[in-house]
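Along the sequence shown, the residues carry numbers beginning at 1. Keep in mind the model is a prediction, meaning the values are calculated, not measured.
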Amino acid sequence: MSSSESRIWNDVDAYLSALLAPEDEALTAALRDSDAAGLPHINVAANQGKLLQLLAQIQGARRILEFGTLGGYSTIWLARALPEDGRLISFEYEVRHAEVARRNLDRAGLGRLVEVRVGPALQSLPKLADENPEPFDFVFIDADKANNRNYVEWALKLTRPGALIVLDNVVRAGRVTDAGSDDPGIRGTRAALELIASHPRMSGTAVQTVGSKGHDGFALARVLY
């Protein structure tokens with residue numbers, strides 16, 4: 001990617017976000033406080049956050065499951081799609097990240113709708129399943145990429161027919177095409193995509209994106225039954 005391409009991508013993202021997905025004080029403060037706390041700069045872009053919100057609204061989602069809270073930026077976008085009796089459960093590995101996210105969600109007036117569960121998601125998921133929760137309508141997966149296939153498998157277990165699963169960062173600057181990669185994130189992402197392609201309960205696709213987050217993309221999968 002040349003510097004001119006990067007500048008164009010950033011400029012287009014900035015234009016589209018300002019026009020169609022403007023950030024309010026709660027979103028701006030969430031990014032500011034995440035940065036002040038030293039969290040990595042891996043949150044979704046504003047226009048991508050708005051896309052998640054629209055997808056959840058189109059779904060009529062009442063229950064949302066998120067893998068990877070970070071500072072709660074994407075969580076705010078998603079939680080704003082919920083009705084008053086909705087619920088969002090978000091898994092976050094790092095205690096410090098979860099603390100920042102909870103403050104950001106409370107300031108946005110969404111703390112009552114969102115529960116952030118701390119620890120490895122693959123340890124938290126069986127506990128969630130034991131609670132026999134109401135099936136989820138929408139799942140957003142944006143956590144450690146090595147476990148992407150495991151997360152998609154769990155999403156299938158916890159969702160209703162017609163639910164939508166969104167898997168982020170599946171292109172990895174084109175490296176997803178490397179079948180011989182020894183990168184755990186590439187291997188995990190390829191395994192998740194292959195599961196979506198082959199599983200009889202899912203119909204999915206993936207889309208490349210370019211923008212302020214570079215060359216990447218996301219996968220969409222609908223739970224059929």
Spacing of [atom1] belonging to [X] relative to [atom2] belonging to [Y], to within rounding of 0.5 Å:
X: N47; Y: L54; atom1: CG; atom2: CG; answer: 11.0 Å
X: W77; Y: L27; atom1: CH2; atom2: CG; answer: 5.5 Å
X: R187; Y: S181; atom1: CZ; atom2: OG; answer: 7.5 Å
X: R190; Y: R175; atom1: CZ; atom2: CZ; answer: 12.5 Å
X: N43; Y: S74; atom1: CG; atom2: OG; answer: 8.0 Å
X: R80; Y: K50; atom1: CZ; atom2: NZ; answer: 11.0 Å

Side-chain heavy-atom pair [X], [Y] within 4.5 angstrom cut-off:
X: L156; Y: R201; result: yes
X: E94; Y: L70; result: no
X: L88; Y: L113; result: no
X: R222; Y: M202; result: no
X: D13; Y: V210; result: no
X: R87; Y: L82; result: no
X: V114; Y: V116; result: yes
X: F138; Y: V166; result: yes

Cluster link [X] to [Y], ILVMFWY, side chain under 4.5 Å:
X: L51; Y: I76; result: yes
X: L105; Y: F91; result: no
X: L55; Y: V139; result: no
X: L164; Y: F67; result: no
X: I165; Y: L224; result: no

Cationic N near anionic O, under 4.0 Å, R160 to D137: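 The answer is yes: the pair qualifies as a salt bridge.
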Set out, in order, the CA-CA distance, both residues' side-chain angles and the distance that settles side chain to side chain contact (heavy atoms under 4.5 Å, CB included) for L167 and F218, then state yes or no. CA-CA 6 Å; L167 178 64; F218 58 91; over 6 Å; no
The test is salt bridge (Lys or Arg N to Asp or Glu O under 4.0 Å); show your working for E84 and R62 and say whether it passes. CA-CA 9 Å; E84 283 299 313; R62 290 185 55 256; over 6 Å; no
Take atom CZ in R107; do more than 12 heavy atoms of anything else shown fall under 6.0 Å from it?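 Atom CZ in R107 is crowded, with more than 12 foreign heavy atoms closer than 6.0 Å.
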Taking atom CG of D24 as the centre, report whether more than 12 heavy atoms of other residues, nucleotides or ligands fall under 6.0 Å from it.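 Atom CG in D24 is crowded, with more than 12 foreign heavy atoms closer than 6.0 Å.
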Short side-chain to backbone donor-acceptor contact, [X] and [Y], under 3.5 Å:
X: Q59; Y: G162; result: yes
X: R96; Y: A37; result: yes
X: S17; Y: A14; result: no
X: Q48; Y: A45; result: yes

Cation-pi check for F136 against R63: NZ or CZ below 6.0 Å from the six-membered ring centre and within 45 degrees of the axis, yes or no?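 Cation-pi check for R63 and F136: passes.
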Set out, in order, the CA-CA distance, both residues' side-chain angles and the distance that settles side chain to side chain contact (heavy atoms under 4.5 Å, CB included) for Q208 and H215, then state yes or no. CA-CA 7 Å; Q208 297 186 82; H215 177 205; 2.7 Å; yes
Stepwise side chain to side chain contact (heavy atoms under 4.5 Å, CB included) check, R102 with T75: CA-CA 10 Å; R102 288 178 180 130; T75 320; over 6 Å; no
Which heavy atom of [X] sits nearest a heavy atom of [Y], and at what distance?
X: A56; Y: A81; answer: CB-CB, 3.7 Å
X: L158; Y: L65; answer: CD1-CD2, 4.0 Å
X: N104; Y: G71; answer: ND2-O, 2.7 Å
X: L31; Y: E23; answer: CD1-OE2, 3.4 Å
X: I64; Y: L78; answer: CD1-O, 3.7 Å
X: N10; Y: S212; answer: OD1-CA, 3.0 Å

Reference residue K145; test side chain to side chain donor-acceptor pair (under 3.5 Å); the match among N169, D183, D168: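 With K145 as partner, side chain to side chain donor-acceptor pair (under 3.5 Å) holds for just one option, N169.
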Answer with yes or no whether the side chains of [Y] and [X] bring together a donor and an acceptor at under 3.5 Å.
X: T189; Y: N148; answer: yes
X: D144; Y: N147; answer: yes
X: S90; Y: E115; answer: no

Salt bridge (Lys or Arg N to Asp or Glu O under 4.0 Å) between E153 and R149, intermediate numbers included: CA-CA 6 Å; E153 288 176 339; R149 181 185 176 102; 3.3 Å; yes
I would like to know whether E66 and I89 meet side chain to side chain contact (heavy atoms under 4.5 Å, CB included); could you show each step before the answer? CA-CA 6 Å; E66 179 183 45; I89 294 176; over 6 Å; no
